[in-house]
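What follows is a set of notes on a single structure, which appears directly below.
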Amino acid sequence: MDRFPFPADLIHAQQEWHDTYRALAAPRPRRATELRRLLALSARIHGHPFWATLPGRTPAARVELRQRTAADRTQVAA
């Protein structure tokens, strides 16, 4: 069971963030486009209303979101 009730749109934004971050490591990526996308996703994640709720106020919530979404993307890629 998950410790934090993350909204679906926040999980999706974090998953997109991981995908975009990985795309920057690809040979000859469209860096300007990917960097703008990464910045927009970072702002959306950072400013999400979930972080103002009681469960979202802990640093552990941010860590769990990153770990949960990174693990999901790794399993999908495998």
Side-chain angles (χ1 to χ4, degrees):
M1 183 166 170
D2 300 323
R3 287 181 43 197
F4 299 100
F6 297 114
D9 64 328
L10 180 58
I11 291 173
H12 182 70
Q14 186 68 50
Q15 289 171 334
E16 285 184 61
W17 188 95
H18 284 293
D19 292 342
T20 304
Y21 189 83
R22 286 186 192 103
L24 285 169
R28 302 177 71 191
R30 295 180 302 273
R31 294 201 186 277
T33 301
E34 299 298 332
L35 286 172
R36 280 193 299 271
R37 179 77 179 142
L38 192 65
L39 182 59
L41 287 166
S42 295
R44 186 183 336 163
I45 292 165
H46 180 74
H48 196 279
F50 174 76
W51 306 122
T53 66
L54 186 58
R57 288 185 188 150
T58 64
R62 291 185 185 269
V63 171
E64 184 174 321
L65 176 66
R66 285 191 300 270
Q67 289 175 341
R68 189 187 308 175
T69 56
D72 288 348
R73 302 318 266 184
T74 302
Q75 291 171 1
V76 169

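Everything numeric here is computed off the predicted structure, so don't read it as measured data.
- Considering only heavy atoms from C-beta on, L65 comes within 4.5 Å of W51 through its side chain.
- Considering OG1 of T33 and CG of L38, their distance stands at 12.5 Å, rounded to 0.5 Å.
- Note: W17 and Y21 have parallel aromatic rings, judged against thresholds of 30 and 60 degrees for the angle between ring planes.
- Looking only at side-chain heavy atoms (C-beta outward), H48 and P7 come within less than 4.5 Å of each other.
- From D19, atom CG reaches atom CD of E34 across 10.0 Å, with rounding to the nearest 0.5 Å.
- Between A70 and R22, the shortest heavy-atom distance links the atoms O-NH2, 4.0 Å.
- The distance from the CG atom of D9 to the CZ atom of F50 is 11.0 Å, given to the nearest 0.5 Å.
- Of all heavy-atom pairs between A61 and P55, the closest is CB-O, 3.6 Å.
- By the criterion of side-chain heavy atoms lying less than 4.5 angstrom apart, applied directly or through intervening Ile, Leu, Val, Met, Phe, Trp or Tyr residues, L41 is not grouped with V63; the two fall into different hydrophobic clusters.
- In this structure, CG on L10 lies 8.5 Å from OG1 on T69, to the nearest 0.5 angstrom.
- Within the 4.5 Å cutoff, side-chain heavy atoms of R68 are placed close to those of I11.
- A 4.5 Å side-chain heavy-atom check between F4 and T58 finds at least one atom pair inside the cut-off.
- Put simply, the side chain of H46 reaches to within 4.5 Å of the side chain of R62, judged on heavy atoms.
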